[in-house]
Amino acid sequence: MKEEVRVRFAPSPTGELHIGGARTALFNWLFARHNEGKLILRIEDTDVVRSRKNFSKSAMDSLRWLGLDWDEGPGKEGDYGPYFQSQRLSIYQKYAGKLIEEKKAYLCYCTQEELEESNRKMRAKNELPRYDGRCRTLSPTQMVNLEEKGRLPSIRFKVPEKGITYVEDLLRGKVSFSNEMMGDFIILKSNKTPAFNFANVIDDALMRITCVIRGDDHLSNTPRQILLYKALNFENPQYVHIPMILGKDGAKLSKRHAATSVSSYRKEGYLPWALVNYLALLGWSTADSQQFFEKEELIEKFSLDKVGKSAAIFDSQKLEWMNGEYIRRMNWGGLWDRFDGWWRIIQVEQEKQEKRANMFKEVGSTTTKMAEIIQVEQEKQEKRANMFRQFREDPDKMAEIIPLVQPRIKVFSDIFEQADFFFEKDFNYDSTAVDRRLKKDYVPSLLKEIRKRIEQLSAFREETLEGMARNLSKDFSLTTGQVFHPLRVSLTGKMKGPGLFELAVVLGKKEVLRRIDRTLEMLRKL
RNA sequence: GUCCCCAUAGUCUAACGGAUUAGGACACUGGGUUUUCAUCCCAGCGAUGGGGGUUCGACUCCCCCUGGGGGCACCA
């Protein structure tokens, strides 16, 4: 029987799940699903200083939102738990003790300062900065002396001084590292928590991971890990180091590259599958460069040997395009459900933020400027909430509006600027629109005439409206544009938007007349 | 600095020594449709980083250079 495929995704909760992490999770997930194996989620939260519990939660939320489900991990206990490293401390300590007993590791009493000094010197000599092994040969009395000084030991792994360690990578072949480059590294910190390389190895071995799929940036760590597997008498897994995702400037993706967290894309109103589809194409492709995949299709077609080796730059423009494409392919009912679901999430987020803002207010730590920003934000949010309320209360109207905005939005948050005028009675006129379309001598009389003819219209429908407008342009010797443009601005306040007569019908005769009056009123005051 | 990885258009990529004007997609430019914007349709722009080899033949294999990225932490 073939061995079951077991892969893992092991984020550390020191920040929101970012795009790179999500892509790594995706490749692991695809590999597991393709091979009918298991995906294990493990939270690497051993850095007590930087790890935060809410980041674990939000990472899992992000994964769930993307639809990347795991078979073992938090919330899905399996046979190899616990799945939080912070709950496995005694395991690491046990194995570290074992290595000491076998003389494969030793106690190190060096202080931070001593190490920095030593590294600095080596750098000055143009040598590779690495631990010089000074505590390898400490005698018991020396240790006692150091302990009496109050020094807490860490545990270092004895790296063989000679020899070469090979990493067999499925993507890159055999990569060799000479052991003398490595220097004895720490496996257990002085606070008794494990260092990354150590915890990683212990867990992957104990959780019976068969294949480690992770970012390129871990390739240089791998020889250390392989040495540990050997020392512990564990068999090491297979390795696949996938290329990294870089920012637009070619540097490692970081906070300064606009939105990098999965949650920010969720808030913006991206469809999870559009993000997944886009991410799959970063470093992987089919022979025919297919762009769109259904879920089942992607699982079926995914294979590691079609994964590329070079880093990819994250192109948010293409992601936007792809999201818009997915939106356009949806039927309006499905689209509405998505809108609505998205909006509920946003509201919850918003309420949390408001609470936080109010707390600051109470404490009195907000400046007037901050308060202003919060005020503006809240008003905007209120308008948006109002829009969604009306959407929900009037499904018929919603059904009319959705098709009009559908080809015009790339992400859900676009809907506000596309459709706000449907709901806002006293919208502001765009100033350039007023200058270019309304500030003409003929406009007031034109609008009055339009108003008159609309009132006389037997039926308020697209065709009759358009016929009316076209006739009017002839009667006045105006181009159609000269008639349509001012009317658009009058009804929407904007220069662009859905078809003029379509939107007029949605607004209704009464509202259209009211808006024309409002514009005439506004022009009088100019 | 040093070790490791990588290298097809601005970007994501295809072509796993031989049917190719080096294919597709995003972006960009132009045109068509439309009352605007978007959509949609058509067209265009644009790449094998440089230099040596190997071979009858290199995007593809080898070497050097250059460029980019990553590691070298009591971070993961």
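Between A:Glu502 and A:Leu152, the residue anchored nearer the 5' end of RNA chain B, judged by the nucleotide with its closest heavy atom, is A:Glu502. The nearest heavy atom of RNA chain B to A:Glu466 and to A:Tyr109 marks one nucleotide each, and the one closer to the 5' end goes with A:Glu466.
Annotation: cation-pi geometry not satisfied between A:Arg23 and A:Phe314 (NZ/CZ under 6.0 angstrom from ring centroid, within 45° of ring axis).
Taking a 6.0 Å sphere around CD of A:Glu463, one finds it holds more than 12 heavy atoms contributed by other residues, nucleotides or ligands.
A salt bridge between A:Arg436 and A:Asp430 is absent, with no side-chain N of the basic residue lying under 4.0 Å from a carboxylate O of the acidic one. Salt bridge absent: A:Lys301 and A:Asp288 never bring a charged side-chain N and a carboxylate O closer than 4.0 Å. Ion pairing between A:Glu466 and A:Arg470 holds under the 4.0 Å rule for side-chain N and carboxylate O. By the 4.0 Å N-to-carboxylate-O rule, A:Asp132 lies too far from A:Lys121 to be salt-bridged with it.
Across all strands, A:Cys108 comes closer than 4.0 Å to no nucleic acid atom at all (heavy-atom distances). As judged by a 4.0 angstrom heavy-atom cut-off over every strand, A:Gln291 is placed among the base-contacting residues. Base contact: A:Gly499 has a heavy atom under 4.0 Å from a base atom. Residue A:His218 is in base contact, counting any heavy-atom pair closer than 4.0 Å across all strands shown. Contacts of A:Pro498 with the nucleic acid, taken as non-hydrogen atoms under 4.0 Å apart, include base atoms. Residue A:Arg488 is classed as a base contact, given a heavy-atom separation below 4.0 Å to a base. Residue-level contact check: A:Thr46 touches the backbone only, with heavy atoms under 4.0 Å from sugar-phosphate atoms and none from bases. Counting non-hydrogen atoms under 4.0 angstrom, A:Gly250 reaches the backbone sugars and phosphates but no base. Using a 4.0 Å heavy-atom criterion, one finds that A:Ile313 contacts the sugar-phosphate atoms exclusively. Among the heavy atoms of the strands lying under 4.0 Å from A:Asn221 is at least one base atom, whether or not backbone atoms are also near. No contact: A:Asn197 has no heavy atom under 4.0 Å from any strand. Within the nucleic acid shown, A:Ser310 comes within 4.0 Å of sugar-phosphate atoms alone, with no base atom in reach, counting heavy atoms only. Residue A:Arg156 is classed as a sugar-phosphate contact, given heavy-atom separations below 4.0 Å to backbone atoms only. Within 4.0 Å of A:Leu219, counting heavy atoms only, lie sugar-phosphate atoms of the nucleic acid but no base atom.
Across B:G71 and B:U55, the matching P atoms stand 41 Å from one another, rounded to whole Å. Distance noted for atom P between B:C64 and B:A7: 16 Å (whole Å). Rounded to whole Å, the separation between the C1' atoms of B:A9 and B:A27 comes to 11 Å. B:U66 and B:G51 have their C1' atoms separated by 10 Å, given to the nearest Å. Of the C1' atoms belonging to B:A22 and B:U13, the separation is 13 Å, rounded to the nearest Å. B:C74 and B:G53: their C1' atoms are spaced 49 Å apart (whole Å). A gap of 14 Å separates the P atoms of B:A14 and B:G49, to the nearest Å. Taking atom C1' on both nucleotides, B:G68 is separated from B:G52 by 23 Å, rounded to a whole Å.
The aromatic rings of A:Trp284 and A:Phe302 sit tilted, their planes meeting at an angle between 30° and 60°.
Among residues two or more places apart in sequence or in another chain, the side chain to side chain donor-acceptor pair (under 3.5 Å) test is passed with A:Glu161 by A:Arg136.
Running 5' to 3' along RNA chain B, contacts with non-hydrogen atoms of chain A at under 4.0 Å begin and end at B:G1 to B:A76.
Within the model, atoms NZ of A:Lys53 and OG of A:Ser58 stand 13.5 Å from one another, a figure rounded to the nearest 0.5 Å.
Pair assignment for B:U11: B:A25, on the basis of Watson-Crick or G-U wobble contacts that are both within less than 3.5 Å.
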